[in-house]
Amino acid sequence: MRMSKSFVPTLKEVPADATVASHQLLVRAGYIRQLAAGIYSILPLGQRSILKITRIVREEMNAIGAQEFYLPALNPREIWEESGRWTVMGENMFRLKDRKGADLCLAMTHEEIFTVLARAELRSYRQLPQSWYQIQTKFRDEPRPKSGLLRVRQFTMKDSYSFDLNREGLDASFEKHREAYVRIFDRCGLRTIQVEAHSGAMGGTGSTEFMVPTDAGEDLIASCEKCGYAANTEKAQSKVETPPKYASSAAIEDFATPGVVTIEALAAKPYSVPAEQQLKTLIYVADDKPVIAIVRGDDQLNEAKLQTATGAQVLRPAHPEEIVKWMGAHPGSLGGVAVSLNVLIDQRLVGQSGMVTGANRDGFHLSNVSVARDLAHAKPADLRTVNAGEGCPRCGNPLTVGKALEVGHIFKLGTRYSETMGARVLDEGGREVPIVMGSYGIGIERILAGAVELHHDGDGIRMPLAIAPFHLALLPLQMQDAKVVEAAEKLYADLSAAGVEVLLDDRDERAGVKFKDADLIGIPLRIAVGKKGLAEGKIEWKPRGVPSVELVALGDVVAKATAAVRGK
RNA sequence: CGGGGAGUGGCUCAGCCUGGUAGAGCACCUGGUUCGGGACCAGGGGGUCGCAGGUUCAAAUCCUGUCUCCCCGACCA
């Protein structure tokens, strides 16, 4: 491609509203432009990268026998009602009405539609297994789009779905996807780690996320360097020592704590109750039913874990009015003692006594609370969020916690959709059984953004060769020198004929401008054709990110470039 | 949804406090000089100052409302 005829709007200055590196650089390098919050136009350079990513994805999906579909993004309400997710998705789903007033939505994912196809056509175990996928635009009305391409409202997802007769089949389909994902991210130049994850609104029995470790990410993952354990903190566990430090068999007593509504205030003088001696009581609404969650005062409740423990589809904090109605007191004076509501208590608190909690009476707390005696009605569950430094649940080595970007997520759905939507086949014995499903997603734009987060420097992007918009930038340094132009044009023709994707910067610009733009855009290889080198029949060869240039004879350039590009 | 910040030419911003009818750099166009890491000189085009009301002789500037964008939080009671 010729730069002089291309739309590559690079920017010298950093866009004011971009904070993360990938956002700044993708805008500056002319890959993307923002249209609205969380909505981006992909420009020609970006589209070339996206096409390379999707090509890699297609190759690897096809390689495991998956078949490509293309399903509607515009969906009727009815199928989402069938799965129950018309309600579950809540405000995250874009909804609209057609001219007749019928409800439609823009699909956030495609379990429902694929299941509709499966139930209509799959009748026999002989037709299984099937792996179906598509590369489609998804819509999610994120409460807070941010960080450029990292959290958006419209994006491209490769989503696939497996249909098996039984759990063993699902396990096999799941493992095939896992291996395909490893190859995809590896080929795209992303270092990823696999972590155990929370399944959330997808339902199902188990899931693995593929994470790119980067501070630009929004997830927190806990990992163990010693044994390789890694999990999203929504799911991660740890070994924590919880000796019965405050043990007491004394009877419960209430004591006045006027105005004390925080853990910190109760920990301060004159009460001086350490946070670890307090019970933190939180009120939630799980599928319209109140539930009380209790964790230690210095622990953090993990909503994802609470959702898992309650089995709820929709979980939200209770409103203040609801809390007063159910508990008889305001937040800050709440406790789980002697209440008839459903109570869950963090498992580390089992066996503790001598604890302090709210009395469900404004301005009062209870002391000498024994979990076994006074909270016998509370069900133990894993509710707390792990902290860095706590012991790995497998080997005890201290865990590290770091930020990461989710680029892929694979789920064992099981029969959650096939049962609610009636997708069944007959097995060998002629019995009707629900199809066992898996669901597998990859965020295409996130791969692009993740690659930039991982590969950039002060000069711009250092795009991995496999997903770079071009392999090689060819820079004639003196456009007014006919010999330089002639040599560059010949190289352009020869390299292109050899299959090298070349961006020829034939603009009438100074050399510095061309160097800067090539670096910013992140093209992996660079050839500079200048009159000095040309006098000796040589060009300058420089891979992006390598500090020094190499002089290469004109006649050797094509072979060198094809060798560098081969297989990518 | 809560809190904070910001909307002025394509981009980055100044001007606003203390009202007097809009400016710089970059980008763009023309001419010239330059020509190996974002050149220089001269000339030029381009802005209903987010939108709507209000105050005033006069509003980018003050007041009210509204829209949009960015950041933090949205569980810690």
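Chain letters run A, B, ... following the sequence lines, proteins first and then strands; every chain starts at 1.
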**OP:** In whole angstrom, give the distance that lies between atom CD of A/Glu509 and atom P of B/rG37.
**Re:** 14 Å
Original post:
If only atom types and distance count, is the side chain of A/Asp505 paired as donor or acceptor with the main-chain N or O of A/Met3 below 3.5 Å?
Top reply: no
Subject >> Integer-rounded Å distance: B/rG38 C1' and A/Arg510 CZ >> reply: 9 Å
**OP:** Return the orientation label for the A/Phe255 and A/Tyr271 ring planes: parallel under 30°, perpendicular over 60°, tilted otherwise.
**Re:** tilted
Original post:
In whole Å, what is the span from the CD atom of A/Glu303 to the P atom of B/rG73?
Top reply: 15 Å
Subject >> Atom pair distance, as rounded to whole Å: CZ in A/Arg316 and P in B/rG2 >> reply: 17 Å
Subject >> Complement of B/rA59, any strand, by Watson-Crick or G-U distances under 3.5 angstrom >> reply: none
**OP:** State the pairing partner of B/rG73; accept Watson-Crick or G-U wobble contacts with both distances under 3.5 Å, and report none otherwise.
**Re:** B/rC1
Original post:
Rounded to whole angstrom units, what separation is found between the CZ atom of A/Phe7 and the P atom of B/rA27?
Top reply: 17 Å
Original post:
Are any of the side-chain nitrogens in A/Glu550 or A/Lys560 under 4.0 Å away from the carboxylate oxygens of its partner?
Top reply: yes
**OP:** Both distances under 3.5 Å, Watson-Crick or G-U wobble: report the partner of B/rG38, or none.
**Re:** none
Subject >> Nearest-nucleotide comparison on RNA chain B, the residue closer to the 5′ end among A/Leu11 and A/Ile283 >> reply: A/Leu11
Subject >> Any strand: nucleotide that pairs with B/rG43 via Watson-Crick or wobble, under 3.5 Å >> reply: B/rC29
Subject >> N-O pairing of A/Asp141 and A/Arg153 below 4.0 Å >> reply: yes
**OP:** Look at A/Thr19 and B/rC71 and indicate whether a side-chain polar atom (N or O) is within less than 4.0 Å of OP1 or OP2.
**Re:** yes
Original post:
In the strands shown, is B/rU48 matched to any nucleotide by a Watson-Crick or G-U wobble pair with both distances under 3.5 Å, and which?
Top reply: none
**OP:** Tell me the partner of B/rA22, counting only Watson-Crick (N1-N3 plus N6-O4 or O6-N4) or G-U wobble (N1-O2 and O6-N3) with both under 3.5 Å; none if nothing fits.
**Re:** none
Original post:
Would the A/Tyr40 and A/His23 ring centres measure less than 6.0 Å apart?
Top reply: yes
Original post:
Within the pair A/Gln34 and B/rC70, is there a side-chain N or O less than 4.0 Å away from OP1 or OP2?
Top reply: yes
Original post:
Base, sugar-phosphate, or nothing for A/Asp459, non-hydrogen atoms under 4.0 angstrom?
Top reply: nothing
Original post:
Between A/Gly38 and A/Lys514, which has a closest nucleotide on RNA chain B that is more 5'?
Top reply: A/Lys514
Original post:
Between atom CG in A/Leu334 and atom P in B/rC76, what is the gap in whole Å?
Top reply: 13 Å
Original post:
Applying a 3.5 Å limit to both distances, which nucleotide forms a Watson-Crick or G-U wobble pair with B/rC16?
Top reply: none
